[in-house]
2 protein chains.
Amino acid sequence: MSVGHTGITSQVSPPAPVGPCGEGDCGIRDVLDRIGDRWTVLVLVELSKGVRRFRELQRAIPGISQRMLTLTTRRLCRDGLVERTAYPTIPPQVDYRLTAVGRSLADTVFGLADWSAAHKDTIAAARQRWDAEHPSGQPD
Amino acid sequence: MSVGHTGITSQVSPPAPVGPCGEGDCGIRDVLDRIGDRWTVLVLVELSKGVRRFRELQRAIPGISQRMLTLTTRRLCRDGLVERTAYPTIPPQVDYRLTAVGRSLADTVFGLADWSAAHKDTIAAARQRWDAEHPSGQPD
DNA sequence: CTGTATCCCTCTGGATACTG
DNA sequence: CAGTATCCAGAGGGATACAG
């Protein structure tokens, strides 16, 4: 074989000593499918402060619509992360509280919050630098 | 005041002893906006195993399209989580590797993976139970 | 108060084709 | 190989009205 390329392409991909989890995905996508949406973590965080009623949650989480709060709490209930208690009063009253599993998830999520707090400045700086060096428009 | 309700509604919302972070959101949404999409964590996980070329990443992450891999890696670069090295060879070669900050994020994300592994069965069970008790259709 | 039901719009991301 | 450009479908989620 003669020229045309540098030979670098003949390297395949040798090292690859796998990370903490054996292969590709681990179960990370599972968690993210559960908390990656716009509202779930906010509900989790609010409920980590104590029992909340429907309306209290809505007031505590500024932009959330009635519809999304209903959907979000229901999904959390379905997964056993939140417990719902309805009192047959008039007007009706419904309490939401974290289950043990839900609390453990909330704690894990706070790990992300810690990371965010620790690195948000660094990231903001990197982003500014990148944007300055790439005036060619939008990042997407 | 006479009847009409049970009096329960007069309770406002007394306790609320705030969680780990002072108020509402913390920076959790920041992180989730960064990793909550379909592909970012998968790229992070793959890169946590070592340096990877564009094509290697694509092969390692089954469903990802060329377009999404480009967008995902670029966003990671922009935030300083991934470093891109391009060699002006023919055909071109580009390496991606985690920065120190990127590695710390990957580590944090693995915390989610641990949680997922520890609770996936419990959650699957809760979900099955809920679906059995609510035959009325879809959860959304 | 606690939901449910509709409508509708945006944004993400997949498929495909093309360039250097 | 690495990346860009275009088109397009579907999910997520907001606004609103209605119900128990």
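In this text, all values refer to a predicted model and were calculated from it rather than measured experimentally. To find a chain, count down the sequence lines: A is the first, B the second, and so on, and within it residues start at 1.
Here the shortest heavy-atom pairing between A:Arg29 and B:Val41 reads NH1-CG2, 3.9 Å. The two residues A:Gln58 and A:Gln66 make their nearest non-hydrogen contact at NE2-N, 3.5 Å.
Mapping B:Phe54 and A:Asp37 onto DNA chain D by nearest heavy atom places B:Phe54 at the nucleotide closer to the 5' end.
Rounded to a whole Å, the CG atom of B:Leu57 is 9 Å from the P atom of D:dA2. One can place CG of A:Leu69 at 11 Å from P of D:dG14, the figure rounded to the nearest angstrom. Between B:Ile61 atom CD1 and C:dG13 atom C1' the separation is 15 Å, expressed in whole Å. Taking atom CG of A:Leu42 as the reference point, atom P of D:dG12 lies 17 Å away to the nearest angstrom. A straight line from CD1 of A:Ile90 to C1' of D:dA19 spans 14 Å, rounded to a whole angstrom. Distance, A:Leu71 CG to C:dG3 P: 11 Å, rounded to whole Å. C:dC1 atom P lies 16 Å from atom CZ of A:Arg84, rounded to whole Å.
Taking a 6.0 Å sphere around CZ of B:Arg127, one finds it holds more than 12 heavy atoms contributed by other residues, nucleotides or ligands.
Residue B:Arg59 places at least one side-chain N or O closer than 4.0 Å to OP1 or OP2 of D:dC1. Regarding contacts with the backbone of C:dT2, a side-chain N or O of A:Arg53 is found under 4.0 angstrom from either OP1 or OP2. At D:dC1, none of the side-chain N or O atoms of B:Tyr96 fall inside 4.0 Å of OP1 or OP2 (strictly under the cut-off).
Classification of B:Asp79 and B:Arg34 as a salt-bridged pair holds, one side-chain N sitting under 4.0 Å from a carboxylate O. Between A:Arg52 and A:Asp95 no salt bridge is recorded (no basic side-chain N to carboxylate O distance below 4.0 Å).
Looking only at atom types and distance, the side chain of B:Ser104 has no donor-acceptor partner in the side chain of B:Asp107 under 3.5 Å away.
Side chain of A:Arg74, nearest nucleotide from C:dT4, D:dA2, C:dC1: C:dT4.
When side chains are defined from C-beta on, A:Phe110 counts as touching A:Val45, because their heavy atoms get closer than 4.5 Å. Contact annotation: the side chain of B:Ser48 approaches that of B:Leu98 to within less than 4.5 Å [non-hydrogen atoms, C-beta and beyond]. No side-chain heavy atom of B:Leu42 sits under 4.5 Å from any side-chain heavy atom of B:Ile64.
In this structure, the helix from C:dC1-D:dG20 to C:dG20-D:dC1 shows an angle of 40° between the axis at its start and the axis at its end, each fitted on 5 base pairs and rounded to 10°.
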Each nucleotide N or O in nucleotides 14-20 of chain C that has a protein N or O under 3.5 Å away: list the pair and distance.
{"residue": "C:dG14", "atom": "OP2", "partner": "B:Trp39", "partner atom": "NE1", "Å": "3.1"}
{"residue": "C:dG14", "atom": "O6", "partner": "B:Arg67", "partner atom": "NE", "Å": "3.1"}

